[in-house]
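Some notes on the structure that comes next.
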Amino acid sequence: MRLNDFIETLDPAQMHFGENAPHAYFIPFEKGQDACAPRTESRRLTLLNGEWDFQYYDSVCDLPDDFNPETAALSAKLPVPSVWQMHGYDRIQYTNVRYPIPYDPPFVLAENPCGLYRRAFALEKAANAVYTLIFEGVDSCLLLWVNGQFIGSTQVSHSPAEFDVTRALRAGENTICALVVKWCAGTYLEDQDKFRWSGIFRDVYLLRRDEKHLVDFTVRTELSDDCAHAAVRVNTQFSAPGCECACELFAPDGTLLARERTADGACEFALETPALWTAETPALYTLALHCGDESIARRVGVRRIEVRRETVLLNGRPLRLRGVNLHESAAETGAYTPESHILRDLMMMKRHNINAVRTSHYPQPPRFYELCEALGLYVLDEADIECHGVVALGGGEECGEPYNRIADDPAFGPMILDRVQRMVQRDKNFPCVLIWSMGNESGHGVNFDRALAWTKKYDPSRLTHYERATFPPAGRDINRTDLDLFSRMYPSVEAIEQYFREHTACKPYIMCEYSHAMGNGPGDLETYFRLMEKEPRMCGGFVWEWCNHAPFVGVNAKGRRMYRYGGDFGETLHDGNFCADGLVASDRTPTPGLLEYKNVLRPLRVASADLANGRIVLKNQFDFSDAHGLIDVTCTLSGGGKPEETVVFSADALKIPARGFAELALPARPGGSCALRYTLAAETNWAEKGYELGFEQIGEPEPEALPRRFHAAGTGRPRAAGKTDDVQLLARAHR
């Protein structure tokens, strides 16, 4: 391949060359297999992860004019998935706002590092089969060859690239070559606040499909106003006319509810008294699609998200998002986050009373969404778009005209729309996704207005979000019709109160980022919480952010693990330790800020108390669940000249409806104090019975009582030997 030909592939007008059209995520299984099993058990999937031959080049200019990826010498091995910077190649770099390359779109540096990957695999090629090769994430540009034939390219890092390789494959041994380039035209849309990683950082696999097969399907659920009736509608798209599909719907307990057959691309299931999906009650039906010799399964959550009277409602009830922002980041592997790592993060969130995640600032891998829907976490899904570096062109003015440069540039319009479309089309069937976000910190202009309009037309069943629409270009009308939420970053409490006094946008208020967790942060969590309690039009917020990004670099002479930040790798352009702003450390050790956030979000709270007369009123903070059978409450009374006494409320006493109140009786304790401890009353798929979810204290304890105070660290009791692990807990949800 000549170098000039290669450069042409970086044309922004060709973000995708030779790729299949985007569609919903699914994995086909062989007829007769359990299509709900892990995808690696599908006999139609060949996982291509593992050791690949590898050669790193400091610059694409080092590639010879007669570059041949099949015969080029490769001197090393590199695991796939991974990022090459964590294996000694190139340089680790962290930047926040500033672009890591000079701003000159669509051009990038001539000194543009790249890596050539190659692996061979054997294939018993089936007759009349279609083979698709999928790369779930490559940063930032991929050029693909199979058996020496150029297949195509992509310039979008966090979306799957799927290629039809049927004609290029042969029976026996086959060779895949992938050239990954560090910078490309897409880099100007990927200026997220993170370490700059490069390589094939998500799974790679080959799918064998029937010649006539299901290409795409869309699942929508509709609820009656009283939520007593539901419809599950399935629309299918096939590769050729004459295809038929048998559809089955199973209840959450596995009972077959109905069978339908469709040849026209649509079918519908009616449900009476449906089990509703929420983060508190993640009930999942199962849709099975049987097309030819393929079986495909998709979990279905029956739920409705909407806005009424400027309030976000889920299944007709007000919803509060108690969230965090999440980057794809692991201390040992950079941007590569294996399933065990994702599961650990999501389990920790659930155990700290967090119910929502914003995928800042790009879609996560598909398994993330499957785990969210099973565990019960709401998702604000964000497109792979951030152009924050343009503010540097105007001297750093966040609301100045340069900020809108890419948002208004016609050359970037198709690229922005493409990234939004790829997110929506891949993730449209995940019930955990409640909100589509157009991207982050990219200014505002016609390109985002068009993306909002397309999104709302394509999927009116979800809400839309774009924070920079809060600051439209001066003198310009913006598309408020297709924008559902008024979003702000780091507003003061006073600014929020002013918004509701002036009441100009007439949309629910959401904080897509707030309470920055760096250093001594996050701050004012209780103050923000009380404001949300008072104002139903405020649907919640997402703390910035979940984890520190500092990579692990080894162990020092004293045996302590070492982590490094921006500027520690010899780079001149960096933003220091601003990457260390998480609620958990890089190794997932909770910070005091996370423990504080957990307790602010505790499931029950004391609304009022009169210890002298033995009265206490508790409020249930759940949006949908009665506290009965979910939460145990233990009260320790002390002081007032009486011996310490412990009271455990019965389950019947805790029949407190969602967002409701209950008055409970205690032994009178004039002048005393009461310490309350809230624990799980039953095992869940994310924690065991007895796990501590929060605590609080009423009154002032006597000094001698302080050392005897119950464990209040907020992390729960250590798990005893022989107890179930995270994977086993989650598996119980699907029995």
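Side chains included, hydrogens not; waters and symmetry mates left out as well; all remaining heavy atoms used. All of these numbers come straight from a predicted model, not from anything done at the bench.
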Verdict with reasoning, Leu601 to Gln621, per side chain to side chain contact (heavy atoms under 4.5 Å, CB included): CA-CA 8 Å; Leu601 302 179; Gln621 295 295 328; over 6 Å; no

Check your understanding: How far apart are the C-alpha atoms of Lys428 and Thr218, what are their side-chain angles, what is the distance that settles it, and do they pass the side chain to side chain donor-acceptor pair (under 3.5 Å) test?
Key -> CA-CA 7 Å; Lys428 61 188 174 184; Thr218 303; 3.1 Å; yes

| query | Does OH belonging to Tyr458 count more than 12 external heavy atoms closer than 6.0 Å? | reply | yes

How about CZ on Arg98, more than 12 heavy atoms from neighbouring residues, nucleotides or ligands closer than 6.0 Å, or not?
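More than 12 heavy atoms, drawn from other residues, nucleotides or ligands, come within 6.0 Å of this atom.
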
Would you mind reporting whether [Y] and [X] have side-chain heavy atoms less than 4.5 Å apart?
X: Phe412; Y: Arg405; result: no
X: Lys456; Y: Asp484; result: yes
X: Met347; Y: Lys350; result: no
X: Phe217; Y: Phe26; result: yes
X: Tyr499; Y: Pro491; result: no
X: Asp581; Y: His516; result: yes
X: Pro402; Y: Tyr103; result: no
X: Tyr25; Y: His23; result: no

- Between Gln192 and Asp384, does any side-chain donor sit less than 3.5 Å from a side-chain acceptor?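 Short answer, yes.
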
Between the side chain of [X] and the main-chain N/O of [Y], is any donor-acceptor distance below 3.5 Å?
X: Thr470; Y: Ser487; value: yes
X: Tyr188; Y: Asp104; value: yes
X: Glu280; Y: Phe624; value: yes
X: Asn325; Y: Val543; value: yes
X: Asp449; Y: Ile478; value: no
X: Gln93; Y: Leu573; value: yes
X: Asp381; Y: Pro363; value: no
X: Thr154; Y: His16; value: no
X: Ser586; Y: Ala550; value: yes
X: Asn112; Y: Val181; value: no

Is there a salt bridge (Lys or Arg N to Asp or Glu O under 4.0 Å) between Asp191 and Arg196 once you walk through the steps? CA-CA 9 Å; Asp191 190 36; Arg196 309 299 164 144; 3.1 Å; yes

Heavy-atom closest contact ([X] atom, [Y] atom, distance):
X: Lys507; Y: Leu483; value: NZ-O, 2.6 Å
X: Pro102; Y: Leu109; value: CD-CD2, 3.5 Å
X: Gly523; Y: Ser515; value: O-OG, 3.0 Å
X: Gly582; Y: Thr591; value: O-CG2, 3.8 Å
X: Gly593; Y: Pro522; value: CA-CD, 3.5 Å
X: Glu190; Y: Ser157; value: OE1-OG, 2.7 Å

Return the [atom1] to [atom2] distance between [X] and [Y], rounded to the nearest 0.5 Å.
X: Cys539; Y: Met511; atom1: SG; atom2: CE; result: 9.0 Å
X: Trp197; Y: Thr333; atom1: CH2; atom2: OG1; result: 9.0 Å
X: Tyr99; Y: Thr187; atom1: OH; atom2: OG1; result: 9.5 Å
X: Asn235; Y: Arg220; atom1: CG; atom2: CZ; result: 8.0 Å
X: Ile510; Y: Met532; atom1: CD1; atom2: CE; result: 9.5 Å
X: Glu467; Y: Glu441; atom1: CD; atom2: CD; result: 6.5 Å

Would you mind checking if [Y] and [X] are paired as a salt bridge, meaning a charged N to carboxylate O distance below 4.0 Å?
X: Asp482; Y: Lys457; answer: no
X: Glu339; Y: Arg367; answer: yes
X: Lys534; Y: Glu497; answer: yes
X: Asp427; Y: Arg462; answer: no
X: Asp408; Y: Arg476; answer: yes
X: Arg317; Y: Asp623; answer: no
X: Glu306; Y: Arg308; answer: yes
X: Arg530; Y: Glu533; answer: no
X: Asp575; Y: Lys194; answer: no

**OP:** With side chain to side chain contact (heavy atoms under 4.5 Å, CB included) as the test, would you mind laying out the steps for Phe569 and Arg564 before giving the verdict?
**Re:** CA-CA 8 Å; Phe569 306 98; Arg564 292 291 181 262; 3.3 Å; yes

For side chain to side chain contact (heavy atoms under 4.5 Å, CB included), just list the numbers for Arg419 and Ser159, CA-CA rounded to whole Å, side-chain angles, deciding distance to a tenth of an Å, and then say yes or no. CA-CA 8 Å; Arg419 287 166 183 254; Ser159 290; over 6 Å; no

> Tyr514 vs Tyr528 aromatic rings, parallel, tilted or perpendicular, using cut-offs 30° and 60°?
Replying inline: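 Tyr514 and Tyr528: perpendicular rings.
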
What orientation do Tyr378 and Trp277 show, parallel under 30°, tilted 30 to 60°, or perpendicular over 60°? perpendicular

*Report the C-alpha separation of Phe542 and Met489 in whole Å, then their side-chain angles, then the decisive distance to 0.1 Å, and conclude whether the side chain to side chain contact (heavy atoms under 4.5 Å, CB included) test is met.*
CA-CA 9 Å; Phe542 300 82; Met489 292 184 179; over 6 Å; no

In short, ring pair (Phe, Tyr, Trp, His ring centres under 6.0 Å) pairs touching residues 422-444 with sequence neighbours left out are Tyr369-Phe430, His444-Tyr466

Begin with the C-alpha distance, continue with both residues' side-chain angles, and end with the deciding distance and a verdict on side chain to side chain donor-acceptor pair (under 3.5 Å) for Ser360 and Glu382.
CA-CA 6 Å; Ser360 54; Glu382 193 149 81; 5.7 Å; no

Checking Phe368, Trp544, Phe195 against His327 for ring-ring contact (aromatic ring centres under 6.0 Å, His included), the one that qualifies is Trp544

